[in-house]
2 protein chains.
Amino acid sequence: MVRKAKEPNEGARKSTIREVAERAGVSTATVSRILAGNYPDAPATRDRVMRAVRELDYVANVHARSLAGTPTKSVAIIVNSVISPHYAHVAQGVQAQAAAEGRLCLIGTTGGDAERELAMVQLMREQHIEAVILVGNVLADEEYRARMSRYAHSLAGAGSRLVLCGRPPLGPDVPAVVVQCDYTGGAFAATSHLLSAGHERILCLGRRPGFTTADARLAGYRDALRAHGVPHDKELELEGTFEREQGYRMMRQRLKSGRRPDFTAVFAFNDLLAAGARQALLEHGLRVPGDVSLVGFDDLPPAQDIDLTTVHLPHEELGRTAVRLALEPETQAGPPQQVLLDTHLVKRGSVRQIG
Amino acid sequence: MVRKAKEPNEGARKSTIREVAERAGVSTATVSRILAGNYPDAPATRDRVMRAVRELDYVANVHARSLAGTPTKSVAIIVNSVISPHYAHVAQGVQAQAAAEGRLCLIGTTGGDAERELAMVQLMREQHIEAVILVGNVLADEEYRARMSRYAHSLAGAGSRLVLCGRPPLGPDVPAVVVQCDYTGGAFAATSHLLSAGHERILCLGRRPGFTTADARLAGYRDALRAHGVPHDKELELEGTFEREQGYRMMRQRLKSGRRPDFTAVFAFNDLLAAGARQALLEHGLRVPGDVSLVGFDDLPPAQDIDLTTVHLPHEELGRTAVRLALEPETQAGPPQQVLLDTHLVKRGSVRQIG
DNA sequence: AGCGATCGTTAAAACGTTTTAACATTTCGA
DNA sequence: TCGAAATGTTAAAACGTTTTAACGATCGCT
């Protein structure tokens, strides 16, 4: 078998910093410094080195680099699932900002399972990454706090920061940054909109005690009712998680009784619930907004197609902010930071004026 | 300042394999072998080591491990964007299968830009990862082949395999695996369905010469027409990329002429196009399927909400297969492999029988 | 009792980079 | 022309692991 002659820049072989150094006739230290660009080397050697790098198509080995002390330029995002629009949009923001700051993005999914979340955090810990961004809430209350505190400390041990997205803040002793949207404000706006349109019997979908994202919306809903002097009725607060099927199921069950519905409007705690509820309403022969008005929460893809009035959340901005906060040096010291992003109502065609 | 006494398992400090070794009274080699589980060590020492590991909350440093020769357990996926349902679902599959095989998943987005794709590949190359999975097609034809060939070789140099998802296969000399869906078959089924319902003037949306994903659908569309003895009319093949706005734009433009539409059905090359086209149709006072029948391609989230008959693609399976192929040892040697996944028609309510 | 096997363990080298401290070389002021 | 300062370069140590080859102890067998 005949070897190809020399094959100088075939690009397919490994190529280490030593090879670059040899080819350029300098030491590896010089190559390293020139590539890092942090020292005034002589232009002549600089050129020789750069040429060698190009010819060998050399890229540094991240692992060696990291071992030698340079921090890994990467962040991780951990979400329930990638196909849920909410998480997808946050992930998009994280990915975009990470890229903008020259970072690689690792991703993991939990499927909403706390044990898988833990496994993911462990996996990220091994990577000695700059930051881990946790989105979505798997556990409630005390269990949540305890676990996050453990995460934060063990990640800190690996030199990683912890950022929580859309989760309640932790104590001041826990090294974690929190970034959220103003869920309560958004829910207040949504409910107020329905009240202003004359609705008083407003069904709300997605109650889930102990989970901030749900609790905050419920609070906004009740605040709005109170502000309009309408007493709140627990019978109208339906419990369930945030999936489309749940919306369908809850509404179907509510309508099963056969008699005319005892509400004129629905506030769903996210757009998926709204889409599911809408399907159940239509199947039951009720028109939206003709018979029942509907407001969602999120302003994500299904919303436009079903012409849904909803609360816009800055999902991508949430992700971007998380990365920015994670990498900002001033966040490193000082007390654990907390950021709240604004929301606003997007009016489409799913609400009808009555009364 | 008083130090806390000892703080043995505070979990917050770094903890290396040496510390574990010291605490267990053995050498680092023993710890390493026990953790790898690949040698019959004495149960007694084994227990001591495991206890030390637990007490120190030790996790190995991936970078050191990788440097020392153990391959990094991770794969990367590079997509156009995370919020596009198609890519999101493939990514979900990749992530799921990666997790199932104990791999971490890196993710990068290109925004459809070839230069960003290149930058991403370079970034992945530094990571010395097991495989890089490229989804979606940014370039056409010769330019595509040339670039992929370069990717494949340079990734091979870093010990990574290249997997192409939904892209045309390359030559046998290029070390890359290809996994696709049967786009042509799916398009054939979709078009045949419309033809069987009596439609002969079928508008198709999403022509894009040079891009396999589009070309293959067009081929299936034409094949079906031919099989039914209907001559194909280039006037009915509208060009455009695969975004929702494009569907809206194309249909709006087509309807602008004012006169009655010269088609009775529409076959959109993906569901987003279908959703956009549907919106334009509705705004123009045409009902679906009353006036115009509509078939999509993908069977992704918008489809269900707009009650769209469409071709189901196994998106998640695509991602899973990509990972499986990338990690399968038998794929390593042998000729570059190619896999084709089946599709099927999902009938909903957007097609009306005529004639 | 003595001798190989067998078993469990370890010292040390290696992986590819960064960085520190030291070493040449040149430049410059006197 | 001399020495000091500035500049450019390098040798070597360090990072945290895996692995190879060698080691000592224990065991069973004659």
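In what follows, chains carry the letters A, B, and so on, assigned in the order in which the sequence lines appear, proteins first and then strands, with residues in each chain numbered from 1.
- Straight-line distance from the CD1 atom of I17(A) to the P atom of dT19(C): 11 Å, rounded to whole Å.
- Between E101(A) and R320(A) there is no salt bridge, since no side-chain N of the basic residue sits under 4.0 Å from a carboxylate O of the acidic one.
- A sub-4.0 Å separation between OP1 or OP2 of dT9(D) and a side-chain N or O of T45(A) is present.
- In this entry the distance linking CD of Q127(B) with P of dT17(C) reads 13 Å, nearest Å.
- Looking at heavy-atom distances under 4.0 Å, T70(B) makes contact with sugar-phosphate atoms alone, never a base.
- In this structure a side-chain-to-backbone donor-acceptor pair under 3.5 Å is missing from T72(A) to S74(A).
- The existence of a salt bridge linking R147(A) and E143(A) is excluded, since no basic side-chain nitrogen approaches an acidic carboxylate oxygen closer than 4.0 Å.
- One atom, CZ of R18(B), and another, C1' of dT10(C), lie 13 Å apart when rounded to the nearest Å.
- Nearest to the side-chain atoms of L67(B) among the listed nucleotides dT10(C), dC15(C), dC15(D) stands dC15(C).
- Between T16(B) and dG16(D) there is no side-chain N or O to OP1 or OP2 distance below 4.0 Å.
- The pair D57(B)-R125(A) counts as a salt bridge, with a side-chain nitrogen and a carboxylate oxygen less than 4.0 angstrom apart.
- Of all nucleotides listed (dT10(C), dT17(C), dC15(C)), dC15(C) comes nearest to the side chain of A68(B).
- At whole-Å resolution of the value, CD in E22(A) and C1' in dT17(C) are 15 Å apart.
- Applying the 4.0 Å criterion to OP1 and OP2 of dT9(C), one finds that T30(B) has every side-chain N and O outside that range.
- I34(B) places its CD1 atom 7 Å from the P atom of dT9(C), with the value rounded to the nearest Å.
- At whole-Å resolution of the value, CG in N61(B) and C1' in dT17(C) are 13 Å apart.
- The base of dT10(C) lies close enough to the side chain of R33(B) for a donor and an acceptor atom to sit less than 3.5 Å apart.
- Of the listed nucleotides (dT17(C), dT18(D), dT10(D)), dT18(D) has the atom at the smallest distance from the side chain of T28(B).
- Scanning all heavy atoms of the two residues, the minimum distance from C165(A) to I133(A) falls at SG-CG2, 4.0 Å.
- Of all nucleotides listed (dT19(C), dT10(C), dT17(C)), dT19(C) comes nearest to the side chain of A29(A).
- At the heavy-atom level, V26(A) lies under 4.0 Å from the strands shown only through sugar-phosphate atoms.
- Counting to the nearest Å, the C1' atom of dG16(C) and the CD atom of E126(B) are 13 Å from each other.
- When distances are taken from the side chain of Y58(A) to each of dT9(C), dT18(D), dT17(C), the shortest belongs to dT17(C).
- The NE2 atom of H63(B) sits 14 Å away from the P atom of dT18(C) (whole-angstrom rounding).
- Comparing S66(A) and G25(A) by the nucleotide of DNA chain D whose heavy atom lies nearest to each, the residue mapping closer to the 5' end is G25(A).
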